Amino acid sequence: GQNIDQPTEMTATEGAIVQINCTYQTSGFNGLFWYQQHAGEAPTFLSYNVLDGLEEKGRFSSFLSRSKGYSYLLLKELQMKDSASYLCAVSSGNTGKLIFGQGTTLQVKP
Amino acid sequence: NAGVMQNPRHLVRRRGQEARLRCSPMKGHSHVYWYRQLPEEGLKFMVYLQKENIIDESGMPKERFSAEFPKEGPSILRIQQVVRGDSAAYFCASSPAHSEIRPAIGDGYTFGSGTRLTVV
């Protein structure tokens with residue numbers, strides 16, 4: 001079957017670094033996404049990894065290990081506005097359908 | 001360059017009524033996906049469509065739900081005889097084409113603002 005696991009909640013301090021982990025089991029892996037979703041809003045694209053390694057984009061980085069079925073999203077220099085849910089999603093097969101985890105709610109405190 | 005447009009943003013229906021949710025993909029995108037997000041839950045895939053074709057409806061409830069993407073106009077998600085359990089946020093996403101039949105996923109995969117359906 002297909003399964004995506006990520007922590008339900010995390011708390012971090014403004015200015016710090018936080019790592020949000022995601023493990024997955026899926027067939028026909030075709031890439032892993034991270035999205036940010038503020039309450040009541042649409043998911044917004046953060047990163048896409050299809051090959052092993054680290055992708056860096058400003059304060060956000062995403063890592064993928066296909067052999068371990070593991071990814072993480074790294075957020076540096078945390079800001080209050082980074083308080084949101086972070087969604088890990090895997091594309092399985094050729095249709096572009098995404099399988100989402102439950103999301104990790106990150107609370108950034110002063 | 002408008003993004004994925006969904007309307008209405010909010011929709012209130014009484015039990016037993018019909019709900020029609022509309023989604024216009026980004027310009028140049030020919031693949032449309034519908035997802036549902038129940039309160040306090042993650043997004044769940046419902047259906048994947050190309051123009052005039054339903055490609056994958058494995059996530060659609062067996063009854064009362066249908067979707068279409070006509071040659072002209074937006075994609076429509078239709079829920080007949082709504083019940084309280086249908087209350088959720090419904091998101092549409094679109095992606096461009098990698099080839100005539102395959103979507104190009106990656107950073108082109110974009111979500112609309114969603115329709116929040118409340119059944120009273």
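Just so it is clear, the structure is predicted and the values come from calculations on it, not from any experiment.
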Counting only heavy atoms from other residues, nucleotides and ligands, does the tally under 6.0 Å from NZ of A/Lys109 exceed 12?
no
Any link between A/Leu98 and B/Leu43 through a network of hydrophobic side chains (Ile, Leu, Val, Met, Phe, Trp, Tyr) touching at under 4.5 Å?
yes
Do A/Leu74 and A/Phe63 land in one hydrophobic cluster if side-chain heavy atoms of ILVMFWY residues count as linked below 4.5 Å?
yes
So for A/Glu41, is it side chain, backbone, both, or neither that comes closer than 4.5 Å to the heavy atoms of chain B?
backbone
Minimum-distance pair of heavy atoms, taken over all atoms of B/Gly112 and A/Ala42:
O-CB, 2.8 Å
Tell me whether the count of non-hydrogen atoms from other residues, nucleotides or ligands lying under 6.0 Å of CD in A/Glu14 goes above 12.
yes
In terms of heavy-atom proximity below 4.5 Å to chain B, should A/Asn49 be classed as side chain, backbone, both, or neither?
neither
Specify whether A/Phe33 and B/Tyr109 have parallel, tilted or perpendicular ring planes, treating 30° as the upper limit for parallel and 60° as the lower limit for perpendicular.
tilted
Residue among B/Arg9, B/Arg116, B/Gln6, B/Glu41 with most heavy-atom pairs under 4.5 Å to chain A
B/Arg116
What distance separates A/Lys97 NZ from B/Phe45 CZ, expressed to the nearest 0.5 Å?
5.5 Å
Does A/Arg59 CZ have over 12 foreign heavy atoms under 6.0 Å away?
yes
Is it the case that atom CE in A/Met10 sees more than 12 heavy atoms from other parts of the structure closer than 6.0 Å?
yes
Against chain B, work out which of A/Thr95, A/Leu46, A/Ile4, A/Thr105 has the most heavy-atom pairs shorter than 4.5 Å and name it.
A/Thr95
Starting from B/Phe69, can I reach B/Tyr48 by hopping between I/L/V/M/F/W/Y residues whose side chains sit under 4.5 Å apart?
no
So for B/Tyr33, is it side chain, backbone, both, or neither that comes closer than 4.5 Å to the heavy atoms of chain A?
side chain
Atom pair CZ/CZ of B/Phe111 and A/Phe45 - distance to nearest 0.5 Å:
11.5 Å
Output field: ring centroids B/Tyr35/A/Phe100 closer than 6.0 Å:
yes
